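Values in this document were obtained by computation on a predicted structure and should not be read as measured data.
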Amino acid sequence: MTVHSLEFTERMAGHIVAQNFTLNPAHPLSRTSFQEAEISPHHQPFEFTLTISVQDVNSFIRDPELQAAAFGTVASFAGKNFSVEEGHFNLFTRPSASPDLDTAKEMHYRLYLQDTQGKDWTFYGFKEILKEDGFEAWSQTTTLYFYLWEGHSDFKDGQEKKVHGLGILHISVGDFIKQLGTFKTNADSPLEEQSLIAQFLNVFAANLWQAYAPFMFTTTSSRWNEHLYPLHTTQGVALGEKTLHPLDTADGLTISVQRFKVKESTKVVLLLHGLTTSTDMYIMPEHQNLVNYLHAHGFTDVWSLDWRGSGRFTYNLIPHRYTIDDIAKNDVPRAVEFIRQKCGEDVEIHVICHCVGSLAFMASLAAGHVKNIKSVISNSVSLTPKVRWQGFLKLLFGPTVFEHLFGYAYISPRMPYLPGPGFGKWIYWMERLLRKECKEPACHLVSFMWGWGFPAAYSHRNMHPITHRRLVDLFGGTSFHYYRHIRKMLFAKASISYEKKNRTNYLEEMKKRKDLPPILLMSGSENHIFPGSNKETYAQLREHHGKVRYLELPYYGHQDVFMGQYCHIEVFPKLVAFLKEQGA
């Protein structure tokens, strides 16, 4: 069987500016940084002429990275003449070099160079294709942002780069016309050659369609199955033993705790996620995560509870009538009991809890379902839930409308990714009319499900582009009854039990308790889901409980306090400082 090859030649020209700095690939430069360099009065002309060689057209088309070889010539720079030792070209690949949250695909150019003194260099360039931005197709497909750094290395290896120059190259109309005339194949006939070139151009056009066409028209099976990291992966945890422990609750559900142990300790940290998220929010591979940070700062035994609201459990996709009381009475005590069975009755348990996980844990603590907790860090909301008026309207009418009028069993950020115009997709189309801050469907649905903001759950500044694309895996679906319980709390202006008979006011119970541990209540200053909630709890508790504190995190929202790309610099040190104050 004949292996068919294809090649074409591309010339790009522009400018380079000498800049010496260390690049961390986790924080790539924005488009603006390259544009500022291009207009610098110190820029120098720069260009390359490359032949892109596809050795096997059929294999190339099947390759999700669409990778080909590249060879040619590169201009001199700073008195150095370069030869191209090896080159790689990716026609379209997943975003990695651009920090723009709306980058749908990128083209990558990686050239391993050597100067006349024998020193190795890497030319790394990328073109970014933005979602639903088809009017800029010519500009985006003909504009290359590039770095020149020491040594031979790939951007994706995550290692820091000693950059010596950066710039922008463009394809002129004249060069593009010439490029079209350079396509060559090893086909046996003109007709077969036209067919091979057409296959290549079809791949090019199909990738542009997936990026530029409105998402409602481009839901494909490849998008349904896309996972930038495996679902529920633990590869983000660098050290130690990782074990998963299913636990049965007294009311007939199975929950789980996951243990991340570097070594045995008499002081453990227990993490509780928010509603529809999971342990995944604490072990994200794309940047420094909380479990790694705790391990690195002496907390060698970390546990994470996936309580019944976890996005990992399919029973959240059927109608149910579980409440926050059920979590407080069954899930939290079961997890604490299990940890003490494994680690000893005298183990010190320090709790870090978030969102509805925090509501449930603080209710459990207030009602006496769990005791002898060494310290608590509670994020966003605990005993006095507060929401913006727009969020209150959604809580007031949403559960009844969606469950009884539309007959929906649950709501999920995955709805926009389902095939056709089916289940719940109209919600995304409606949200598109309101939300111009980004073009990621799951981001819009998370905002619809929680609070009110643009976006609601976090500040985009704090989110890694990969996290933004992974939202559909990091946030699951939920039935509507938890919303009803929170609505009751809003009317009561305090955390209360769901049933009216023998109702418990958890806020008042907490005020009565004399055996409470030190508690750090915290919230992002831009919290658009439960704004001001923990600050109000602090105001209510401080007269009754001298060990309570309040911490506000500037520029943070609700979820990014734990899932943000800068948390290891701006948030986690504050948590560890509090834990160590408590003798942990």
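Remark: the backbone N or O of E508 is paired with a side-chain donor or acceptor of N505 at under 3.5 angstrom. Side-chain atoms of T277 do not come within 3.5 Å of backbone N or O of M281 as any donor-acceptor pair. In terms of modelled atom types and a separation under 3.5 Å, the side chain of S495 and the main chain of L507 share no donor-acceptor contact. At least one donor-acceptor pair closer than 3.5 Å links the side chain of S98 to the backbone N or O of D100. Without hydrogens or angle criteria, S278 side chain to S310 main chain gives no donor-acceptor distance under 3.5 Å. Panel note: side chain W452, backbone K394; no donor-acceptor pair is recorded below 3.5 Å. Checking side-chain atoms of N292 against main-chain N and O of G236 turns up a donor-acceptor pair under 3.5 Å. For D560 (side chain) and M563 (main-chain N/O), no donor-acceptor pair under 3.5 Å exists by modelled atom type. The closest donor-acceptor contact from the side chain of N316 to the backbone of G476 lies at 3.5 Å or more, if one exists at all. Although no hydrogens or angles enter the test, the distance criterion places a donor-acceptor pair under 3.5 Å between the side chain of T233 and the main chain of Q235.
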(request) Go through the steps to decide whether H245 and F338 satisfy the test ring-ring contact (aromatic ring centres under 6.0 Å, His included), and finish with yes or no. (result) CA-CA 9 Å; H245 307 273; F338 183 78; 5.2 Å; yes
(request) Please assess Q258 against S304 for the test side-chain hydrogen bond (donor to acceptor under 3.5 Å, both in side chains), listing each intermediate value before the final yes or no. (result) CA-CA 5 Å; Q258 202 153 357; S304 182; over 6 Å; no
(request) Quick one: do H528 and S459 satisfy side chain to side chain contact (heavy atoms under 4.5 Å, CB included)? Show the steps, please. (result) CA-CA 10 Å; H528 298 312; S459 166; over 6 Å; no
(message) Does E264 form a salt bridge (charged side-chain N to carboxylate O under 4.0 Å, His left out) with R259? I'd like the steps, not just the answer.
(response) CA-CA 11 Å; E264 298 281 353; R259 187 181 192 182; 3.4 Å; yes
(request) Please report the C-alpha distance between E431 and K425 in whole Å, then the side-chain angles of each, then the deciding distance to 0.1 Å, and finally whether the salt bridge (charged side-chain N to carboxylate O under 4.0 Å, His left out) criterion is met. (result) CA-CA 10 Å; E431 285 290 295; K425 204 159 187 178; over 6 Å; no
(request) Before giving the answer on side-chain hydrogen bond (donor to acceptor under 3.5 Å, both in side chains), spell out for Y506 and D325 the whole-Å C-alpha distance, their side-chain angles and the decisive distance to 0.1 Å. (result) CA-CA 10 Å; Y506 295 116; D325 303 325; 2.7 Å; yes
(request) Carefully, step by step, assess S382 and S358 under the rule side-chain hydrogen bond (donor to acceptor under 3.5 Å, both in side chains). (result) CA-CA 5 Å; S382 52; S358 175; 5.1 Å; no
(request) Please report the C-alpha distance between L23 and W149 in whole Å, then the side-chain angles of each, then the deciding distance to 0.1 Å, and finally whether the side chain to side chain contact (heavy atoms under 4.5 Å, CB included) criterion is met. (result) CA-CA 9 Å; L23 172 71; W149 62 65; 4.3 Å; yes
(request) Show the numbers, then the answer: is there a side-chain hydrogen bond (donor to acceptor under 3.5 Å, both in side chains) between H558 and S380? (result) CA-CA 6 Å; H558 172 78; S380 189; 2.7 Å; yes
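Salt bridge K493/E536: absent, no basic N to carboxylate O contact under 4.0 Å. We find that D251 and K329 are not joined by a salt bridge, their nearest charged nitrogen and carboxylate oxygen being 4.0 Å or further apart. The pair R461-E570 meets the salt-bridge criterion, with a side-chain N (NZ, NE, NH1 or NH2) lying under 4.0 Å from an Asp/Glu carboxylate O. Using a 4.0 Å cut-off between a side-chain N of Lys or Arg and a carboxylate O of Asp or Glu, D306 and R312 qualify as a salt bridge. With respect to the salt-bridge test (charged N to carboxylate O, under 4.0 angstrom), the residues R94 and E65 do not qualify. For the pair R308 and D331, the salt-bridge criterion is met [side-chain N within less than 4.0 Å of a carboxylate O]. Salt-bridge formation is detected for the pair R414/D473: a Lys NZ or Arg NE/NH1/NH2 atom is positioned less than 4.0 Å from an Asp or Glu carboxylate oxygen. One finds no salt bridge joining D515 and K371 here, because no Lys/Arg side-chain nitrogen approaches an Asp/Glu carboxylate oxygen to under 4.0 Å. Remark: K131 engages E440 in a salt bridge, criterion side-chain N to carboxylate O under 4.0 Å. No salt bridge links E581 with K374; every basic N to acidic carboxylate O contact stays at or beyond 4.0 Å. We find that E337 and R340 are not joined by a salt bridge, their nearest charged nitrogen and carboxylate oxygen being 4.0 Å or further apart.
Side-chain contact check for L575 versus F562: some heavy-atom pair is nearer than 4.5 Å. For the pair I352 and L272, the minimum side-chain heavy-atom distance is 4.5 Å or more. Inter-residue side-chain proximity for M449 and T478 is flagged as met; some heavy-atom pair is nearer than 4.5 Å. By the 4.5 Å heavy-atom criterion applied to side chains, I496 and T504 are not counted as neighbours. L553 has its side chain within reach of M522: a pair of non-hydrogen atoms, C-beta onward, lies under 4.5 Å apart. For the pair L365/P517, a side-chain contact is recorded, criterion being any heavy-atom separation below 4.5 Å from C-beta on.
Distance check: I377 CD1 to R549 CZ gives 9.5 Å after rounding to the nearest 0.5 Å. Put simply, CG on N379 and SG on C353 are 8.5 Å apart, with the number rounded to the nearest 0.5 Å. The line from NE2 of H354 to CG of L271 is 12.0 Å long, rounded to the nearest 0.5 Å. Rounded to the nearest 0.5 Å, atoms CG (L359) and CE (M489) are 5.0 Å apart. One finds the NE2 atom of H464 at 8.5 Å from the OH atom of Y566 (value rounded to the nearest 0.5 Å). Between the CG atom of N527 and the OH atom of Y458 there is a distance of 14.0 Å, given to the nearest 0.5 Å.
Side-chain contact, T537 with T384: a donor N or O sits under 3.5 Å from an acceptor N or O.
Between Y315 and H320, the distance from one ring center to the other does not fall under 6.0 angstrom. The distance between the ring centers of F406 and F423 does not fall below 6.0 angstrom. Two rings, from Y322 and Y498, have their centers 6.0 Å or more apart.
Heavy atoms of other residues, nucleotides or ligands lying less than 6.0 angstrom from NZ of K511 number more than 12. At most 12 non-hydrogen atoms from other residues, nucleotides or ligands lie less than 6.0 angstrom from OH of Y555. Atom CD of Q341 has more than 12 heavy atoms from other residues, nucleotides or ligands within 6.0 Å. Surrounding NZ of K162 are at most 12 heavy atoms belonging to other residues, nucleotides or ligands under 6.0 Å away.
Taking the six-membered ring where tryptophan is involved, the planes of Y428 and H444 are tilted, since the angle between them lies from 30° to 60°. In this structure, F155 and Y147 have parallel ring planes: the angle between them is below the 30° cut-off, well short of the 60° mark.
A cation-pi arrangement is absent between K386 and F530 under the rule of less than 6.0 angstrom and at most 45 degrees off the ring axis. Judged by the 6.0 Å and 45° rule, K161 forms no cation-pi pair with Y124. Geometrically, R435 engages F454 in a cation-pi contact defined by less than 6.0 Å to the ring centre and at most 45° from the axis.
For the ring pair (Phe, Tyr, Trp, His ring centres under 6.0 Å) criterion with W450, the lone passing option out of Y483, Y482, F475 is Y483.
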